[in-house]
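In what follows, chains carry the letters A, B, and so on, assigned in the order in which the sequence lines appear, proteins first and then strands, with residues in each chain numbered from 1.
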2 protein chains.
Amino acid sequence: MGSGNEAWLEQARREVPPRKLAKQMAIASAACGVFGREGYARASVDTLAAEAGISTRTLYNHFPGGKAELFRTVVSWTSGEVAQAQLARMAAVLDPERPPRAEDLERELVALARAFVGLLADYPNHFALVRHIHAEVDHVPAEVLAAWRDAGPGAAGRALADAMASLAAAGLLDVHGDPALAAQHFLALTSHLIVQLSSYGVLPLAPAEADRLITGGVAAFVRAYRAA
Amino acid sequence: MGSGNEAWLEQARREVPPRKLAKQMAIASAACGVFGREGYARASVDTLAAEAGISTRTLYNHFPGGKAELFRTVVSWTSGEVAQAQLARMAAVLDPERPPRAEDLERELVALARAFVGLLADYPNHFALVRHIHAEVDHVPAEVLAAWRDAGPGAAGRALADAMASLAAAGLLDVHGDPALAAQHFLALTSHLIVQLSSYGVLPLAPAEADRLITGGVAAFVRAYRAA
DNA sequence: ACCGAACTACAACGAGCGTTGCACTTTTTA
DNA sequence: TAAAAAGTGCAACGCTCGTTGTAGTTCGGT
């Protein structure tokens, strides 16, 4: 031991081994499916380990806190992933630098709503998990809940509010002094409504019916918020 | 035994003892709180019995199917109760025989939205249970789910659609050919939005903020659906 | 090829759960 | 008041689960 040992310690402390991180994300990804399918109480450690293709002992090596720590990790991890995807879709449809022409507004908003609703189909595990978070809100640590809220619905809401403000600045919408509320109303009339009627994507909703709901919701939104 | 015994049997079969029914409803009422607080998996039979003030053995005497049968009973029982309350509030605000004057329309709709949102505070156990139903949709028997859906949100949606049709017939609203969709949009802009932002009533939402959401939602609805 | 780290299989533990049977007490009812 | 119905307390069963220790195995980096 001596200077060599010290150098090693210093390096180990500095560099977070990427190998471990990748494995932990793989475990968390698999756990997201299990927690979403079974819920926290029903999900057994054996099932979680099996779904990740590892032994229970390895799971405890990576997450010394056991099931609880794994759950916390999964919640913050998937929220970030899905929120990022949502922001990406929003940026793809609504470029704040180039506001749409007035006659294209409704078409663009329909595209945006379709993109949001598509998230439900593309991340079923995540939204199943969200259902359980809603249900077990009393048993989830407050800090975890706050972090999830901020990274998930909060981030999306803020970004959409900015987009609404942009459209208002371009003279396409009249947000009636509250772009954040306009953003919430847009979500309520489109994705929230579909979430409600399809029971979080569990009930099969005919594509034609979903489209009718989306276009109808956007039409109502435009009637309520179009610039006079 | 003999003719006396036969008469007794006949009577017993004819009359459903009201005593048992009352007790079972009391048990179910207490169980609603426990299931809502803990969820199905976490709720233990001991807790359910203690909350109802009975022994576990008595619980099994009333519900031979055990926890599962009790849960099924609770779901259908509370759904009916709350749906009935919701219909009552709707009838109290919107009398189909006497449509409001045009200048009172928005005020009446705000009153209706407030009545709906008030359900959240008045039946917290029920809505906590609904959260768990949503989360465990895969583990709830399909028949129970269908019955709940029909008695709960379904009944309310149909009644509200009728009310919207009435308002349209009175020349106060333009439902754009789909009174049911207008009803869903009303719910989405008012109670659904508040449910979402307050996490099913768990997050404390300042009364002033709730009121701002309600009036803002109704205002947007009126802008989208007022008769031209 | 080697060394250390990561991983596995296996067994065990303590606790909690749903459920049932049994003997006993209380309440209702005729 | 006496029979019958309803309720109680207790013990026990079998099962699942979370978690940990240990000894042996595989694997990545040098």
| message | Consider side-chain contact (heavy atoms from CB on, under 4.5 Å). Of V75(A), V140(A), T78(A), which one does W148(A) pass it with? | response | V75(A)
| Parallel, tilted or perpendicular, as decided by the 30° and 60° cut-offs, for the rings of F35(A) and Y40(A) | parallel
| message | Classify A49(B) by what it touches in the nucleic acid, base, sugar-phosphate, or nothing, heavy-atom distance under 4.0 Å. | response | nothing
| Between atom CD1 in I54(B) and atom P in dT27(C), what is the gap in whole Å? | 16 Å
| query | How long is the span from the CG atom in L70(A) to the OH atom in Y60(A), to the nearest 0.5 Å? | reply | 10.0 Å
| request: Measure the distance from CD on E38(A) to C1' on dC17(D) and round it to the nearest whole Å. | output: 14 Å
| field | Value in whole Å for how far the C1' atom of dG18(C) lies from CG of L48(B) | value | 11 Å
| message | The test is side chain to side chain contact (heavy atoms under 4.5 Å, CB included); show your working for V74(A) and I27(A) and say whether it passes. | response | CA-CA 9 Å; V74(A) 167; I27(A) 298 178; over 6 Å; no
| message | Distance check needed: dA6(D) P versus Q24(B) CD, whole Å only. | response | 11 Å
| field | Rounded distance in Å - CG (L21(B)) to P (dA5(D)) | value | 18 Å
| query | Expressed in angstrom and rounded to an integer, what is the separation of K20(B) atom NZ from dG7(D) atom C1'? | reply | 10 Å
| said: Less than 4.0 angstrom between a side-chain N/O of K23(B) and OP1 or OP2 of dG7(D), yes or no? | reply: yes
| What pairs meet the salt bridge (Lys or Arg N to Asp or Glu O under 4.0 Å) rule with one or both residues in residues 111-123 of chain A, with sequence neighbours excluded? | R89(A)-D122(A), R114(A)-D211(A)
| query | Which residues, if any, of residues 56-73 of chain A bring a heavy atom under 4.0 Å of DNA chain C? | reply | R57(A), T58(A), H62(A)
| message | Going by salt bridge (Lys or Arg N to Asp or Glu O under 4.0 Å), name the pairs with one or both residues in residues 44-69 of chain A, residues two or more places apart or in two chains. | response | R37(A)-E51(A)
